[in-house]
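Report on one structure; see the data block that follows.
Keep in mind that the numbers below use all heavy atoms, side chains included, and drop hydrogens, waters and symmetry copies. Just so it is clear: chains get the letters A, B, ... in the order the sequence lines come, proteins before strands, and each one is counted from 1.
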Amino acid sequence: MEQSAGLNRLVNLVDYYFTLGGMQIQFNVVSKETLLRAQEDPSKYQNLIVRVAGYSAYFVNLEKKVQQDIIERTEEKI
Amino acid sequence: METMTQEPFHYQIYNKPVRTERIDHLYHYVGASKVGMCMERGRIITEVYKKNRYWPPILLRAVTLKTILEQMSIYIMPGSLLAGNQASKPNYAPLFPEFAVDFLEEEFIYGRPYFPDERPADKIEYSREDMPELKEMINFWKGNTHKDRLYANLPKEAISAQDDVGAVNIVNFMHGGCGHLTPPWPWLFAHGLKEIIRICDENIAGLEMWTIEGMEKNRFYTAAKTVCEGMITYAKRYAALAMELAKKEEDKTRKKELMELSIICNKVPENPAETFYEALQFMTFVQFGIQIEDNAQGISPGRFDQVMYPFYEKDKKAGIITCDSATELIENFFVLLSTVERMRSWDDTAYFRGKPIFQNLTTGGTDPETGEDATNELSYMIMDCIANTRTLQPSHYVRWHKNTPLEFKLKIAETIRLGTGFPAIANDELYIPAMINRGYDPKDAADYCIEGCAEPGVAGLRGGRTGAAWFCLAKILETSLYNGFDPRSGVTLHQNKNGKDLETFASFEEVWEAFMDQMQYYARIHVIMDNTTDRLWEEYMEEPLTSVLGCTLTCLERGKSIKRGGAKYDFTGNETIGTANAGNSLYAIKKLIFEDKLLTGGQLKHALLTDFKDMTTNPTGAEIQQMCLNVPKYGNDVEEVDMLVSKVLESVCMELPKYKNTRYGRGPIGGIFQASTTTVSSNTPFGMLTGSLPDGRSNGMSLSDGQSPMRGTDTKGPTAAVKSVSRCNNLLLSEGSLYNMKLLPQDLRD
Amino acid sequence: MSAYLAGTFSKKDIDWGKKMTENKEGIIFDIQRWSIHDGPGIRSNVFFKGCPLRCKWCSNPESQEVYQELAFFRGKCIGCGRCITNCPYQAITPSEEGNIIDYTICQRQCYQGKGGYACTSQCYAKALKVIGEKVPLPDIMKEVLSDSKLYEQSGGGITVTGGEPFTQPDFLLELLRFSKEKGLHTTVETCAFTSWKYFEPALDYIDFLFVDFKLYDEEKHIAYTGTSNKIIKENLCRINEYAKNHKLTLVIRTPVITGINDSEEEIRLIAAWIKEHLSEVHIYQLLPYHRLGRGKYHDIGKSYELEETEPPAADVIGALEQIIRSHGLDIKYD
């Protein structure tokens, strides 16, 4: 398995959230640019999966408003 | 750094999945089949109901399912090592006309608002040739569906709360059964369905059939037996099909595979499973069977790594399985589960965008007996399978705790980095105490798995009903600002007790009072809607298979189905949404009107009703919106606003358990309502129904999702955001918490 | 000519900065939690305002002056026009392309501790913002300590950066002393252009020190940063002496700017100097130039000279790092 500082930070963040009393967390790991490109040219991004809420879905199959919701979510720097 | 943002790197796109030829082929085979409508189930059930309509419901439901399992088309996908299907083709959704036909008529027959194959999203293919038959089917059911009964039975104000105001919503449970449970796999694998049939026979023999209780129990045991027999027939049909295919097959290896599959399908689920392969095929049949029964979601494989490990270990020692062959089987299983589809109305798809079937698989966690970490080899393999298959179903959770090995945590992080959203992470140190707090036995709680979005259950012990009605706090707050009046629909269902509105509130306490008042009013409506649904399910939509495979031991012992109190634990959950909007809005009112006195309540009220667009006022609507937007927001580690959000959530958590569900006092532990913060995608449709809010959000915009901060308002980095979210009293969220965080792939690259 | 002499950074400013810190208040312009490139682990960065250097590539131009400045974020402006009427000095005029601010009026009227900034009072969109805030020490500590659990898990802590932390030496010392009292790992990022009398007492409270060595040649250093590098070299040697018998990690960094110091010769000279004079230094890190600071110049009414400069290519950096390694130095600290 690949070891990397980024993965360690992700683990740190989850550990930190849970020591504070967090209960559940789920992630989207995708940039706004990728999502915007997928919106523009859906045929190239047919298999792009994103997390909506308690489940995942193909981004290009989502309705525009839900796509927008995901695009607008804050990108946390990690 | 900049060059990277110009050329976005995305793990899912650049890291190609590693699949065996078989899995790759199956993946594309399923992918090539578009989402469609399958007439078969609808056709069969209509025939059965035509003949036996006035039978006692549980017997009627049992014979219906048995007939479907005997008659529906079955197929084995080319190369597949496992058998099972829900409809005539992959990604085809069966019809459940007994639940609702109104939308089938509107959409398939009249194309209102769209013909299903012309929808802007979530399209459904179908054959126009089937329409005359569908029309006839609709005519048979019209007026006698579950939904019709609900509308006839619900008080007018409850219907108005859903259809006019849009503060609560149960449409999801108008179109199907309850689901949301995990079968007791170890027991089923060890005993097989023949043992259930034996227990039923034994119990029937001892019943006092001349009493009402005896008659009722007789119905249950007979129904349970009938559906188990149906399941055995269903499996044997695959056995025959596999044999037939084997005979025709020219490739020697495949021929052998099909013959082996045939032997297994003859054996399980009737008999106990003895190998990893048999257990997996057993699980596959049960997954499909329950989903065919009543269109339920959240039928979960549960703690897969725990349940399957004993088989894996044994087979590996015996030399009949390797890590690679087991991985391929699991991946085959994933692809098979991904063929499940659910027919949703266009309206309902707004709440469930995509393909949320919620067949949840939970990995990792603790051993309930020893309390020690339970991560095993399969846990790691499952993470690989997620990366390799990349199917939307099953959905995945991992349980995370203090003693989860760092190596496994890193493996999880690596899987998350792919960006499929899998797995989500549940904190054992919160989920377990939250369940114990509601009455779960500590050992049972320690064995929890996720069923649905984020709701905890225990295999074989919890009787579904997680994530019941949607409960939109943002909308409820909005009505409290206008003395109960809903500006969009023009409806007032309940006036504030203090009779005041945003213009006349004299203090923040009065605002809070009004909000609490409306929240309590709508919580009552929420309970009425859920309990009415439950009562009608119980009376007309019995689910013998779900009961006897979902909560096997208690249902068999009590001789009744889950909906009559057959489960060990029974809670009705809720799905609270727009929490951040409600809390942020209350804080903005507190700050702008009562503390900094930058605005009067009248000014804010006018600005909200004109969607911040009136430029003739001083300050102008646009300026007022900026004032609202710039009040500190939840998600930035600002204690004052975080505590208000927490208080809002806590009030819901305290209010709901005051109500009992329909199984209270009928056997299960619990029997009350409890809160969660799951949203699915309902924050979008609820947002469309919710007007401008004091947090600066414009009319109609999507609300905040889950327990997350309102998107774009958490600007102080991840630590501040998680600090805010963890300030909520999560221990009270015994139905689960949901927090979405978005990260950039390039940040995880180093 | 130094910034000091050029008049952009006067002695008065330092005096004023010192006065502020007498009350244990610092002038800071940001606290950034979850910082990952400024020392080991996950850290919180405290950005001090004020810097004696004027590097042409500076990516934090708002950090240069020790006093408060006005920033105008054009994207946020909703054009309500309240700032125009609220400014008593007529510094803001409307135009087709949005409001135009005459920063020379701001300099005269509101900057250098005079305050006022009436234009921001009713800017509801927060398009106009005063950069730099006098923040009491306990408030900074509260924010920094709020992530202390995370520092423990990741081996992180506090990083004081800027600007140049040593423009507020007394406050810096207080902040570091206080952080050590709370058991935090401390990192400081400095250009080392300061009097040794300020540096020496602070060292006892620093675990990890980044010192920028921007250019080897003194003339060039003056030309591109406005100051001589003589004091910097002297301070580095003194720090090295200190590090010989104290637990201090000293890391040298060079921001690599295309066309200015991206030559192999330049890096070779610096690396050789480090080997010759700094026995305690084992890590010499390169920071490739980026353009993220560009927009900020415009926001605070300054002009940017490196408009045309491109970030150095990956292979250029790779070659330079090879030189560093060939001197027996590491290029990364963890």
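A side-chain N or O of B:Tyr397 and one of A:Gln24 form a donor-acceptor pair less than 3.5 Å apart. No side-chain donor-acceptor contact under 3.5 Å links A:Asn61 and B:Asp122.
Put simply, of B:Ile425, B:Leu418, B:Leu430, the one with the most heavy-atom pairs under 4.5 Å next to chain A is B:Ile425. Most heavy-atom pairs under 4.5 Å with chain A: of the set B:Leu743, B:Thr719, B:Ile13, this distinction falls to B:Leu743. For the options A:Phe18, A:Phe27, A:Tyr16, heavy-atom pairs under 4.5 Å to chain B are most numerous at A:Phe18. Counting heavy-atom pairs under 4.5 Å between each of A:Val14, A:Leu20, A:Val29, A:Asn28 and chain B puts A:Val29 at the top. Chain A forms the most heavy-atom pairs under 4.5 Å with one residue out of B:Gly706, B:Ser737, B:Gly635, and that residue is B:Ser737.
Separating the OG1 atom in A:Thr19 from the CG atom in B:Asn427 is a distance of 8.5 Å, to the nearest 0.5 Å. Atom NZ of A:Lys65 sits about 5.5 Å away from atom OG of B:Ser702, to the nearest 0.5 Å. Interatomic distance, B:Asn740 CG to A:Ile70 CD1, rounded to the nearest 0.5 Å: 8.5 Å. Here the straight-line distance linking atom CD of A:Glu75 with atom CE of B:Met741 works out to 12.5 Å at 0.5 Å rounding. Within the model, atoms NZ of B:Lys742 and CD of A:Gln26 stand 14.0 Å from one another, a figure rounded to the nearest 0.5 Å. Residue A:Arg37 holds its CZ atom at 12.5 Å from NE2 of B:His10, rounded to the nearest 0.5 Å.
In this structure, A:Gly22 and B:Ser726 approach most closely via the heavy-atom pair N-CB, 3.7 Å. A:Ser31 and B:Pro745 get closest at one heavy-atom pair: N-CD, 3.6 Å. Between A:Ser4 and B:Arg417, the shortest heavy-atom distance links the atoms OG-NH1, 3.9 Å. Contact record, A:Met23 with B:Ala434: CE-CB, 4.0 Å, taken as the closest heavy-atom pair. Across all non-hydrogen atoms, the minimal contact from B:Leu744 to A:Val30 is CD2-O, 4.1 Å. For the residue pair B:Ala721 and A:Glu76, the shortest heavy atom distance occurs at CB-OE2, 3.7 Å.
Among residue pairs with one or both ends in residues 725-740 of chain B, those qualifying as salt bridge (Lys or Arg N to Asp or Glu O under 4.0 Å) are B:Arg462-B:Glu735, B:Asp637-B:Arg727, B:Asp642-B:Arg727; sequence neighbours excluded.
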Please step through side-chain contact (heavy atoms from CB on, under 4.5 Å) for the pair B:Leu748 and A:Leu10, ending with a clear verdict.
CA-CA 8 Å; B:Leu748 292 169; A:Leu10 184 53; 4.2 Å; yes
Derivation and outcome, side-chain contact (heavy atoms from CB on, under 4.5 Å), residues B:Tyr27 and A:Asn47:
CA-CA 11 Å; B:Tyr27 175 85; A:Asn47 296 327; 3.8 Å; yes
Between B:Asp705 and A:Arg73, does the salt bridge (charged side-chain N to carboxylate O under 4.0 Å, His left out) criterion hold? Intermediate values first, please.
CA-CA 10 Å; B:Asp705 68 89; A:Arg73 285 181 195 166; 3.7 Å; yes
Take A:Asp15 and B:Lys402 through the salt bridge (charged side-chain N to carboxylate O under 4.0 Å, His left out) test and state the conclusion after the steps.
CA-CA 8 Å; A:Asp15 274 337; B:Lys402 276 199 291 281; over 6 Å; no
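Contact of A:Leu13 with chain B is made through the side chain alone, with heavy-atom distances under 4.5 Å. Residue contact with chain B, scored on non-hydrogen atoms closer than 4.5 Å, is absent for A:Leu36. Of the two parts of B:Pro120, neither the backbone nor the side chain holds a non-hydrogen atom closer than 4.5 Å to a non-hydrogen atom of chain A. Within the 4.5 angstrom heavy-atom criterion, only backbone atoms of B:Leu703 (N, CA, C, O) approach chain A. With a 4.5 Å cut-off on non-hydrogen atoms, A:Tyr45 touches chain B through its side chain but not through its backbone. With a 4.5 Å cut-off on non-hydrogen atoms, B:Arg119 does not touch chain A at all. Residue contact with chain B, scored on non-hydrogen atoms closer than 4.5 Å, involves the backbone and the side chain of A:Tyr17 alike. With a 4.5 angstrom heavy-atom cutoff, B:Ile450 does not touch chain A via any of its atoms. Neither the backbone nor the side chain of B:Asp428 comes within contact range of chain A, judged by heavy atoms closer than 4.5 Å. With a threshold of 4.5 angstrom between heavy atoms, A:Val50 approaches chain B through N, CA, C or O but not through any side-chain atom.
No more than 12 heavy atoms of other residues, nucleotides or ligands shown are found within 6.0 angstrom of NZ on A:Lys32. Summarising the local packing, CE of B:Met701 is surrounded by 12 or fewer heavy atoms from other residues, nucleotides or ligands at distances under 6.0 Å.
A:Thr74 contributes a side-chain N or O that, together with a main-chain N or O of B:Gly712, makes up a donor-acceptor pair within less than 3.5 Å. With B:Gln12 contributing its side chain and A:Ile49 its backbone, the two residues share a donor-acceptor pair below 3.5 Å. Not one N or O on the side chain of A:Asp69 forms a donor-acceptor pair closer than 3.5 Å with the backbone of B:Thr684. At distances below 3.5 Å, at least one donor-acceptor pair connects side-chain atoms of A:Ser56 with backbone N or O atoms of B:Thr420. Under a 3.5 Å cut-off, the side chain of A:Arg9 and the backbone N or O of B:Asp747 do form a donor-acceptor pair.
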